[in-house]
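Okay, structure first, notes after.
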Number of protein chains: 2
Amino acid sequence: MAVNLKQLAELLGLSQTTVSRALNGYPEVNAETRRRVLDAVRTTGYRPNRAAQRLATGKAYSIGLVMPIASGIDSDIHFGEFLAGLAEEALKHDFHFVLNPSAPDDEEATFRRLAASGNVDAVFLAYMRRNDPRIPILKSLSIPFVVHGRSIGGPRDYPFLDVDNTRAFYDAAKLLLQLGHHRIALINGPEYLAFSLRRKKGLMLALEEWGLHHDEALVHHSVMTDEYGYRSMQSFLQRPDPPTAVLCSSTVLALGVVRAINQAGLGIGRDISVIAHDDVLPMLKPENFSVPLTTTRSSLRAAGARIATRLIASILNRGDYPQQELWRAELVVRASTGSAPGR
Amino acid sequence: MAVNLKQLAELLGLSQTTVSRALNGYPEVNAETRRRVLDAVRTTGYRPNRAAQRLATGKAYSIGLVMPIASGIDSDIHFGEFLAGLAEEALKHDFHFVLNPSAPDDEEATFRRLAASGNVDAVFLAYMRRNDPRIPILKSLSIPFVVHGRSIGGPRDYPFLDVDNTRAFYDAAKLLLQLGHHRIALINGPEYLAFSLRRKKGLMLALEEWGLHHDEALVHHSVMTDEYGYRSMQSFLQRPDPPTAVLCSSTVLALGVVRAINQAGLGIGRDISVIAHDDVLPMLKPENFSVPLTTTRSSLRAAGARIATRLIASILNRGDYPQQELWRAELVVRASTGSAPGR
DNA sequence: GGAATCCTCCAAAGCGCTTTGGATACCTGT
DNA sequence: ACAGGTATCCAAAGCGCTTTGGAGGATTCC
């Protein structure tokens, strides 16, 4: 059943050279011939042998992945979702993964090992921090990479895909301001992560524009779990002047937030408005919340798939993708946002 | 810097054949010669080219992984932890992964594709269900595999690594019974998973042995998140005859359980005893709970690593590992367990 | 009409390893 | 001393692909 190049070539009465070239899009092959080849591929189900290609080209046809482990719940549900997107796309192109579980303080060594092994053509990077040290490292190792997110500070001269987090939270905050909210809290991701900083900045920009003072006490940073969402919200509610609206960096956080609000006997969208960033986790849909959640939406899985696409295209140097992309998150208004109470 | 076989052979004044054989443990090579070869490998840092090996041997040197996604929070923190162990070990042996994100209802097709692709030598399998259909499928595809956990029902003639969950929860329940508890609740994983069923069975065995009736209302099945732990515990506490002890299938569940107990103003280990199964998640240590948690401990990461070891050994047919392993979880008694109240 | 150019295609040489099918020398036992 | 082992080693043939360096014919240009 499984044919190889040689057999395919014989079948077509062509040389392996020509068939190979036809398949790899080289110009020196007649259009009609190429069509015949492609047809034959379809009927025979020919699939090039990756091992042979690896040997002949020196390419690895696989991408490196540093998997955050240990301290911090980074290796959380968000990572899995992202990974799913990456993997799905990689599978289509028959690319493998080299998964490198690594503690944050060991990442440099991990990258060096990875680059030296020659086992990967490119590397994927996420959880960007401010002045992220990994970027210069990867540059110096001269191994292609694409970053999810982007660093804060330092030159912005590397390939990335990021969501415009500043904008997303600016938009969300603005909606709340227009609804008359003045005290807006933020339950954010870990402070050392760039996206957290940008989201906070988004909120602050909106407040500033509105001529409002920003209260640092209304911003919490933590791991993005249900648990912390609950605790943060509880502590906000215990203040003498609780916020009338809250922004959450994840629907996972929102889960806890909602619980705390319910428990306090308050009404979501009435007494307190809630907006969460929605990474489109399949198991946590904002529309399924008891009070459907207003969100800033941007699919994490889609981002994973897109990065895989770009990574693979650059390895095969096919296709032409922008090196830097900033996705705009969509503000989806649902029932969890309403006018500020007493207005 | 990087030498290849040919250069290494020249350097040693040997043929490639001999060097190759020395490295791969063939008998027809002099002990002294082998030592010289191994020495040379060390000094030159020779690493065989995987692509060439793949081509020559037809082996893929990679293992297939079906990554549970979509509905159900299966793709949770536990999976990540397991994966980390697997990856760590794979890395040591320069094995790659083929990650197949797949919805449960699509798994069969996924396996077929995987097996047909010839891209993997073996497959890893987890989240066993009762009469799990994937086992016969994989057998019929005649691709080596190792299962984490084991099915319930059907022949037990496949390679697996499992924790003796029945035993673990039997042990835990017995401890509670000895402490005088009679009403023991169980907050378990999803009902369709084999390990959940076994854990329940462990509890029931202990109760039975103690001559106690088992109350079905005291067993909850759900996704293992903080959230559900909290809800379950709350509902238990609202009963007219609340349990005096509770078993949790994960420390993640215990997180919610602890919160519910605290909130009810009850004392852990005094009013209510808690035992959780500890998968040794680095970010959730039972000793760090406000009241240190009594647990049945078995490292998920270690299990991942062990399965990788076995998978790889079987692919390389090196080493001799048991085909079926049943690990015993260790009962670690801490402060969350105490005598039943009023005794 | 002959040289210069294209357009297509091909033979063959690798890529770096494993493995087959012997060689060669050294021991056996008789 | 000789047939038959035994222990070591080697040359060479792949594995299935890419890529170099042409070849052959058709076309174009003066």
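Atoms considered below: every heavy atom in the structure, side chains included; atoms not considered: hydrogens, waters and symmetry mates.
- Comparing the local axis fitted to the first five base pairs of the helix from dG1(C)-dC30(D) to dT30(C)-dA1(D) with the one fitted to its last five gives a bend of 40°, rounded to 10°.
- In this model, a donor atom of one side chain and an acceptor atom of the other lie less than 3.5 Å apart for T18(A) and S15(A).
- Aromatic pair Y127(A)/F82(A): ring centres not closer than 6.0 Å.
- Each of A56(B) and T18(B) lies near DNA chain D, and the nucleotide nearest T18(B) is the one positioned closer to the 5' end.
- A distance-only check finds no donor-acceptor pair linking the side chain of R47(A) to the backbone of S117(B) [under 3.5 Å].
- Panel note: side chain N100(B), backbone S102(B); no donor-acceptor pair is recorded below 3.5 Å.
- Looking at which nucleotide of DNA chain C each of T17(B) and L55(B) is closest to, the 5′-most match is held by L55(B).
- The CG-P distance, from N30(A) to dT27(D), rounds to 13 Å in whole Å.
- Backbone-only engagement by Q53(B) is indicated by non-hydrogen atom pairs under 4.0 Å involving sugar-phosphate atoms exclusively.
- As judged by a 4.0 angstrom heavy-atom cut-off over every strand, T57(B) is placed among residues touching the sugar-phosphate backbone only.
- Classification of the Y158(B)-F145(B) ring pair by plane angle, with boundaries at 30° and 60°, yields parallel.
- In terms of heavy-atom proximity, A60(A) sits nearest to D121(A) at N-OD1, 2.7 Å.
- The distance from atom CZ of R21(A) to atom P of dG21(D) is 12 Å, rounded to the nearest whole Å.
- Contact between the side-chain N/O atoms of S15(B) and the OP1/OP2 oxygens of dC10(D) is found at a separation under 4.0 Å.
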Trace of the salt bridge (charged side-chain N to carboxylate O under 4.0 Å, His left out) decision for E325(A) with R306(A):
CA-CA 10 Å; E325(A) 292 180 84; R306(A) 175 67 175 190; 2.9 Å; yes

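- Between Y61(B) and F95(B), a ring centre-to-centre spacing shorter than 6.0 Å is recorded.
- In summary, contact between chain A and DNA chain C, defined as any nucleotide atom under 4.0 Å from a heavy atom of the protein, begins and ends at dT8(C) to dG16(C) in the 5' to 3' direction.
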